[in-house]
Structure formats: structure tokens, C-alpha cells
Number of protein chains: 4
Amino acid sequence: MPSNYDKILKATIDLMNEKGYHGTSVKMIADKVNISKSTIFHHFKSKEGLLLALFEEVVPAATNEAMLIANDKNLTGAEKLKKWIRHHLNEVATEGDVLNVYLRESRFISDSNKAIYKESMRVYANLIVKIIKQIQKEDKQAFKDLDIKIVAHSILGMYNSAVIWFDKDGKISLDDLADMMYKIISGSFQKPKATRKKKTTK
Amino acid sequence: MPSNYDKILKATIDLMNEKGYHGTSVKMIADKVNISKSTIFHHFKSKEGLLLALFEEVVPAATNEAMLIANDKNLTGAEKLKKWIRHHLNEVATEGDVLNVYLRESRFISDSNKAIYKESMRVYANLIVKIIKQIQKEDKQAFKDLDIKIVAHSILGMYNSAVIWFDKDGKISLDDLADMMYKIISGSFQKPKATRKKKTTK
Amino acid sequence: MPSNYDKILKATIDLMNEKGYHGTSVKMIADKVNISKSTIFHHFKSKEGLLLALFEEVVPAATNEAMLIANDKNLTGAEKLKKWIRHHLNEVATEGDVLNVYLRESRFISDSNKAIYKESMRVYANLIVKIIKQIQKEDKQAFKDLDIKIVAHSILGMYNSAVIWFDKDGKISLDDLADMMYKIISGSFQKPKATRKKKTTK
Amino acid sequence: MPSNYDKILKATIDLMNEKGYHGTSVKMIADKVNISKSTIFHHFKSKEGLLLALFEEVVPAATNEAMLIANDKNLTGAEKLKKWIRHHLNEVATEGDVLNVYLRESRFISDSNKAIYKESMRVYANLIVKIIKQIQKEDKQAFKDLDIKIVAHSILGMYNSAVIWFDKDGKISLDDLADMMYKIISGSFQKPKATRKKKTTK
DNA sequence: AATGAATGAGGCTTCATTCAT
DNA sequence: AATGAATGAAGCCTCATTCAT
């Protein structure tokens with residue numbers, strides 16, 4: 001049985017995902033968890049503290065698998081990118097996901113706490129930077145002359161936007177979507193077909 | 001000298017762009033315009049009425065140039081895309097742009113008014129759809145096997161994300177950014193070599 | 001018929017006089033005036049704004065008569081002191097008087113507003129300083145070697161303390177009290193008996 | 001090392017001295033002592049219990065020396081008064097003194113406990129009454145025709161007010177202040193000069 | 001066209017206190 | 001002896017909105 005602390009965070013994610021930070025009141029959260037408002041303040045310093053807790057505790061957990069992908073020694077950069085896209089879209093599209101809140105509501109963090117958010121964002125963006133670097137190394141033409149950080153952010157931005165318009169119940173599956181998005185950006189480097197032959201070394 | 005009506009809308013854009021719909025109060029807007037709260041209700045039926053007015057009046061104006069680009073008979077699809085990117089990034093990166101509010105705060109519109117928003121969104125997204133279709137027509141390989149709407153949304157998402165991380169005072173200019181982003185997605189279709197005539201074929 | 005603004009201030013005085021600043025809630029004030037809480041915030045910026053308004057508007061009015069006494073050309077210093085004591089005690093002893101609130105609750109003013117309070121206090125204390133100076137001029141022995149500001153504050157402190165222990169319904173009248181207190185401090189200078197003969201000199 | 005019980009009382013004094021009874025929360029006290037709120041309720045029945053404990057335990061201790069002065073067989077009344085003033089001012093001026101809390105916050109005690117406060121106040125005021133009586137006995141002119149309780153309260157009020165305006169870092173020392181205040185009220189009876197020669201009679 | 005007065009509802013947060021451990 | 005969890009009540013203040021002028 002989850003603690004109130006955990007239940008509060010879960011409800012926060014659900015509600016802020018749907019209504020945004022300012023659109024979610026502490027009372028709504030309390031009602032959803034079936035506790036009193038004051039209990040929330042017993043566990044968290046303030047409403048903003050809820051966001052911070054999400055960024056510090058829940059987001060890292062959610063980014064863990066992405067890290068495994070980026071560090072997998074057996075994959076080419078292109079394969080990693082493809083795998084990461086699939087994973088990331090899955091995360092983003094999952095109902096109530098923290099990432100949505102993370103990506104959309106972070107701008108409401110007060111200046112004094114913005115550093116915490118930026119740091120966690122940097123860590124995640126770096127994963128993609130790493131993948132892109134590997135792709136560049138394996139294919140000199142890939143993302144040629146492009147600022148690597150901008151590439152990373154652009155890709156992230158593209159995928160994150162899906163949370164807004166992707167229709168889980170529509171006729172296009174999440175896997176199809178991942179494939180399509182991969183194709184959009186993979187035009188600029190050699191298709192993974194070529195690299196598919198699996199790395200004979202090892 | 002702009003009317004109060006216009007000043008109110010301008011202030012609404014600025015504030016909602018920064019703080020979101022729920023994070024912006026009628027009082028904030030009134031204070032920014034230096035009028036009384038009541039004056040706002042004199043011009044607009046309600047707070048939501050402000051959003052609607054934006055979507056009905058300001059967004060179309062902002063999308064007007066995009067429409068000119070999309071309909072320009074003298075440009076290839078690739079050229080249009082490039083021109084549109086430049087224009088769109090400029091809009092989005094400009095502080096206080098309506099498009100940001102439009103793209104992010106639309107979800108707070110009440111159900112009864114959602115149709116208005118969806119219609120205007122459809123119109124804008126259609127511009128890109130149109131451009132993409134032209135590109136496909138001119139280059140059969142471009143965006144092959146891809147759902148055209150998803151391509152449009154992905155591209156939009158990518159560009160809109162720039163508003164979050166682009167640093168106006170950084171070392172990369174808006175024009176450079178537009179070029180880079182164009183390159184990222186243009187990999188999948190024939191480069192505008194033809195028009196660029198720069199590339200002496202190496 | 002007094003405006004809500006005035007009624008709010010009056011109720012504030014009454015309540016804070018009885019329960020202190022922190023012991024008086026905005027709701028109590030609203031209930032006493034029979035208006036809604038929000039109306040109070042329509043007229044005053046904050047709870048502290050109520051205190052400030054008292055200090056800026058009501059206290060000056062209350063100190064007006066004291067000023068007339070201090071400036072009366074026909075009275076000796078000793079006479080002025082006596083008259084002021086009587087007046088001041090009356091003010092302080094009257095239930096719900098601003099001066100009580102002023103003297104006791106001023107310490108809850110935030111630092112940023114303390115200057116306003118200090119200035120008004122300085123003005124009032126100066127009246128007594130002025131009276132004491134006149135007494136010293138008329139009787140070289142009076143308050144000899146004493147710092148004049150300390151004398152003024154001490155005297156004020158003595159009189160203001162009466163608000164705590166004076167029993168309006170006890171056997172000692174306010175006038176008796178005024179006489180006694182006058183005697184306590186008048187020991188150090190020539191008794192007004194001597195001066196009573198109206199100052200034939202000029 | 002002081003017990004938590006003692007540390008709580010000390011913190012209570014400090015905080016209520018600065019912010020008053022209603023302005024001091026149990027949490028503030030707990031934070032200052034670095035214990036949990038519950039621990040306070042473990043030692044004291046309620047918040048008001050803290051005040052009562054002060055009045056019953058700390059105040060008597062603080063008034064102990066005053067008692068020694070009042071009962072010293074070797075001093076004249078005037079000498080006692082002077083000595084007491086010096087002592088009292090010292091107590092009052094010391095940061096975080098109980099007496100301030102005692103004198104100012106007693107009015108927030110609930111009716112059912114008011115008797116406890118009044119009794120302790122009576123005891124302390126009686127010390128001065130006693131001193132004044134001795135002065136009157138030694139100098140028939142002193143405080144002639146004055147209600148002795150009112151004299152005592154007035155004197156106390158005068159000295160207690162110092163806590164509000166006395167500036168520890170100003171150019172006037174506490175001893176100077178004691179001297180001046182003594183002079184203000186000693187005008188009405190024979191100056192201690194005369195008595196300084198130790199009173200060989202007896 | 002513009003605004004000052006007023007408000008009910010609700011916002012976030014703190015309060016003193018109880019209880020189980 | 002000490003505390004973490006929990007809470008109902010209350011605290012100050014802001015909200016969007018209406019109305020009379």
C-alpha cells in the first residue's frame with residue numbers, strides 16, 4: 001500500500017497533466033487522495049514543493065531506462081536513436097506521465113528553484129547529445145555542420161510535442177508514430193539498414 | 001494610439017505567454033494596461049472571452065503571412081518550407097507572441113468553445129500540410145510512407161519547442177537556427193540545391 | 001453615514017485595541033462592519049495596510065488637540081503639561097482609542113513600513129519635547145541635566161501604561177489620576193501653584 | 001546543558017517578546033529549539049500553558065532579586081528605589097526578557113487563568129509599593145496625597161516603556177538612563193544626596 | 001467608454017492540537 | 001522523552017464577476 005506521500009505525488013501528476021500547474025488546486029489533490037489539505041503541507045513545503053519533488057524524485061526514475069539505451073554498447077547510434085524514440089514516445093504518451101508535467105509545467109517553478117529543473121533537463125538532453133555524437137562518429141555526413149545541442153533540443157521538442165496532439169485512440173499506433181518520426185529526422189544520415197549487420201566483432 | 005481593446009489583447013498575450021491561462025489574472029492584465037478591471041469586462045464577456053478573441057482575431061492575423069508563403073506560386077515546396085520556418089521561428093521567438101499562447105493555452109478553453117479553437121488550429125496546420133504535399137509532389141521520395149498530418153505536427157512541434165530553449169542573446173542567430181532546423185528535416189527529400197545553386201556539386 | 005472605509009477603520013481600532021494586531025482577524029473586522037472580507041481588501045491593500053492607514057490618517061487627527069495645547073501662547077509650560085496629561089489620559093483611557101493601537105501594535109509593522117510609524121511617533125513625541133523645553137526655560141532647575149528626549153519618552157511611557165491598569169470603574173477618577181501623575185513628575189520643577197498667578201511679567 | 005523544557009521556555013520568551021503571544025506559533029518555538037512541535041505538547045498542555053509556566057516559574061525567579069532589594073534592611077527607601085530602577089531596567093533591557101512578555105502578553109490569558117497572572121503581578125507591584133511606603137515614612141512630603149498603587153504602577157509603566165524605545169547601541173548607557181529616570185520621579189522627595197551618608201541613626 | 005464598490009467562492013498556507021508509536 | 005502523521009479550523013489574500021454610476 002503506497003504511502004500518502006506517494007499517493008499525493010501520483011495525484012499531482014494526474015491532475016497537473018490534465019489541468020496544468022495553476023489549474024490544479026491543492027484541494028483537488030487532497031480530494032483525489034482522500035486526505036485533508038493540511039496533510040499535503042505536512043509532506044510538502046508548498047504547492048511548488050510538489051513540482052520540485054516530481055522533478056527530483058519521479059523524473060529521474062522515468063529517465064533511467066533512457067540512460068540504459070544510451071549506454072548500451074551493442075547498439076549503433078542510429079539504433080539507439082530509434083530505440084530511444086520508441087521508449088520516449090511511450091513514456092510521453094502514457095496517461096498521467098510525469099514527463100508531461102515536467103515538460104509543460106516546469107516554467108512555473110520560481111526562479112530560486114529553476115536550477116533544480118534545469119539540471120535535470122540537462123541530464124536528460126545529454127543522453128540524446130550522446131547518441132547524436134555516436135551517430136556522427138559512425139556516419140560523417142550525419143547532422144553535418146549542425147550545432148549538436150540544437151539538434152538534440154529540436155528532436156526532443158518534436159517528440160515532446162506529441163503529448164499534445166497524439167491521439168491514443170486514433171488509427172495510428174504508437175509504434176507507427178515512432179517509426180514515422182524516426183524517418184523524418186533520419187533522412188540526413190545513412191539509414192540503419194546499412195548498419196543492421198549487427199557488429200560482427202565481439 | 002491603440003485602443004484599450006487592443007492594448008488588453010496585447011497584454012493578455014504577453015502575460016499568458018509567460019504565466020499561462022490560469023496563471024494570468026484579469027487584474028494583472030488590467031494593471032499592465034493601466035486600466036481598471038471593470039474596463040476589461042466592458043470589452044470582453046469573460047476571461048475566457050479574451051482567449052477566444054485571441055484565437056478569432058489575433059491568430060488569423062499572425063498566420064496571414066504564413067498563408068501568403070504557402071500560396072506563393074513562384075516557390076517550390078522546399079523553398080516554401082524554408083521560408084515558412086524562418087517566418088514561424090521569428091513569430092515564436094518574438095517575446096509575447098500569440099502563437100505560443102495559442103499553442104499552449106488552448107486546452108483551457110471550455111468544451112463549448114473548443115470548436116472555435118480547433119477550427120483555427122486546423123487552418124494553420126493545413127498550411128504546412130499544403131506545403132508538405134507540394135514537396136511530396138515535386139519529389140516522390142520526400143516523406144514517403146508518412147502520414148502527412150503527423151509530419152506537419154512533428155515539424156510544428158519541433159519549431160514551437162524552440163521558444164523554450166532558444167537563447168535570443170546566445171551565439172546562434174535566429175536565422176542560423178532556422179537553417180539548422182531546416183536541415184534536420186530536409187534530409188529526407190531533395191535539398192533545395194536547385195534554388196540554392198550554391199553547391200557546385202563538390 | 002460613514003463610508004465602509006471609515007467603518008472598517010473604526011472596527012479595526014476597536015478590535016485591535018482589545019485583541020492586538022495578531023489577535024484580530026480580517027474576518028472579525030468584516031463581521032463587525034457587516035461586510036464581506038473581500039470588501040476590506042478592496043479598500044486596503046492588506047491587513048498591515050489597515051495599521052498603516054490608522055497611523056497615517058487617524059492618529060494625526062487624534063494628536064491634533066495635543067498640538068493645540070502645545071502651541072497655546074497663553075499657557076506656561078507647567079500648565080501645558082498638566083493640560084496635556086489630562087487630555088492624553090482621556091484619549092488613552094477611552095475604550096477603542098487609536099492611540100492604544102498605535103502605541104502597542106506598531107511593533108508589528110513590517111520593516112519596510114516602519115519609517116511611516118516612526119515619523120508619526122516622532123511628531124507626537126516632539127509635542128512633549130516642546131512642552132518640556134518651555135518648562136526648562138521658565139524654571140532653570142526643571143529636568144536639569146536630563147536628556148530631553150528621554151524625559152519625553154519616560155513621561156509618555158508612564159501615561160500610556162495607564163491603559164493597562166487603570167480601572168475606569170474604580171474609585172479613582174480620570175481627573176484624579178491626571179493630577180496624581182502630574183504630581184509625580186512635577187516634583188522636579190516649581191509647582192504650578194507658583195505660576196498660577198498668571199504671569200504678570202511678559 | 002538545559003533540558004528541552006527549559007529551552008522551550010527560553011525560546012518562548014524570546015519569540016513572544018518580539019512577536020507577541022498571537023504572533024508566535026508553536027512551530028516557531030519548536031524550530032528555534034530544534035525539536036518537533038509534538039515535543040512541546042509533551043511538556044506543556046497547550047500554547048497558553050506556556051504563558052502560564054512563564055508566569056508561575058520564570059517571572060518569580062526574575063523578581064527574586066527585586067525582592068532582595070526591597071527587603072534589604074541597610075538601605076533607605078530612596079536608595080532602594082534607585083537600586084531597583086537600575087536592576088529593573090537591566091532586566092527589561094536584556095534581550096528576551098520575561099518581564100516584557102509578562103507585562104505585554106498577559107492580556108491574552110484566558111479568563112480562567114487570569115487569576116494566576118494577576119496574583120503574580122500583585123506580588124511584583126507590591127515590592128515597589130513597599131519601597132514607596134518606606135520613602136514616605138522617611139520623608140513625609142514624598143508622594144504626598146498620592147494613591148500609592150497608582151504611584152507604583154506609574155513608575156513601573158515608565159520603566160517598562162523603556163523596552164520599546166531604549167536603544168542599547170545608542171549613546172546613552174543603561175546606567176545613565178537609570179539615573180535620569182530616577183531623577184524624574186525623585187523630584188518630589190528629598191534627594192538621596194542627603195541620605196547618602198549612610199544613616200548612622202537607626 | 002470607463003470605473004469604484006462590492007462580493008462569494010476559492011486560492012495557498014499556517015494554526016494548535018491529537019494520536020499512535 | 002520524543003516524534004511523525006494527520007487534521008479541522010482558521011488565516012490572509014486573490015479570483016472572476018456584477019452592478020450602479
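All chains are named by letter (A, B, ...) in the order of the sequence lines, taking the proteins before the strands, and each is independently numbered beginning at 1. Every value quoted in this text rests on a predicted model; they were computed, and no experiment measured them. The figures here come from the full heavy-atom set of this structure, side chains too, leaving out hydrogens, waters and symmetry mates.
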Side-chain touch C:Leu51/C:Val101, heavy atoms, less than 4.5 angstrom: yes

Decide yes or no for B:Tyr21 and A:His22: does some side-chain heavy atom of the first lie under 4.5 Å from some side-chain heavy atom of the second?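 Counting from C-beta outward, B:Tyr21 and A:His22 never come under 4.5 Å.
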
Rounded distance (Å) that lies between atom [atom2] of [N] and atom [atom1] of [X]:
| X | N | atom1 | atom2 | value |
| --- | --- | --- | --- | --- |
| D:Met28 | E:dT14 | CE | P | 10 Å |
| D:His42 | F:dA1 | NE2 | P | 4 Å |
| C:His22 | F:dC12 | NE2 | P | 10 Å |
| D:Met16 | E:dC15 | CE | P | 12 Å |
| A:Leu51 | E:dC12 | CG | C1' | 14 Å |
| D:Lys47 | E:dA16 | NZ | C1' | 8 Å |
| B:Ile29 | F:dC15 | CD1 | C1' | 12 Å |
| C:Ile40 | E:dG8 | CD1 | C1' | 15 Å |

Closest nucleotide of DNA chain F for D:Ser36 versus for B:Tyr21: which of these residues is on the 5' side? D:Ser36

Using heavy atoms to find the nearest nucleotide of DNA chain F for A:Tyr5 and D:Ile35 separately, return the residue whose nucleotide is more 5′.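 Here D:Ile35 is the residue nearer the 5' end.
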
Is B:Ser25 near enough to F:dC15 that one of its side-chain N or O atoms lies under 4.0 angstrom from OP1 or OP2? yes

Could you tell me which nucleotide pairs with F:dA1 by Watson-Crick or G-U wobble geometry, both distances under 3.5 Å, or answer none if nothing does? none

Determine which nucleotide pairs with E:dT17, using a 3.5 Å limit on both distances of a Watson-Crick or G-U wobble pair. F:dA6

Shortest side-chain distance from [X], nucleotide among [options]:
| X | options | answer |
| --- | --- | --- |
| C:Ser46 | E:dA16, F:dA5, F:dC13 | F:dC13 |
| C:Asn4 | E:dG10, F:dA6, E:dA6 | E:dA6 |
| B:Phe41 | F:dA16, F:dT3, E:dC15 | F:dA16 |
| A:His43 | E:dT13, F:dT7, F:dA5 | F:dA5 |

Within the 4.0 Å heavy-atom criterion, would you say D:Thr24 contacts the bases, only the backbone, or no part of the nucleic acid?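 Sugar-phosphate, backbone atoms only, no base.
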
At under 4.0 Å between heavy atoms, what does C:Thr39 touch on the DNA or RNA strands: base, sugar-phosphate, or nothing? base

A:Lys114 atom NZ, neighbour heavy-atom count above 12 within 6.0 Å: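 Result for NZ/A:Lys114: enclosed.
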
Could you tell me whether the side chains of B:Thr63 and B:Tyr124 share a donor-acceptor contact shorter than 3.5 Å?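 Note: B:Thr63 and B:Tyr124 side chains miss the donor-acceptor criterion.
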
Measure up the D:Phe44 and D:Tyr5 rings against each other and bin them: parallel (under 30°), tilted (30 to 60°), perpendicular (over 60°).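 Parallel, since the angle between the ring planes stays under 30°.
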
Is a donor-acceptor contact shorter than 3.5 angstrom present between the side chain of B:Ser38 and the base of E:dG4?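 Per atom types, the contact qualifies.
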
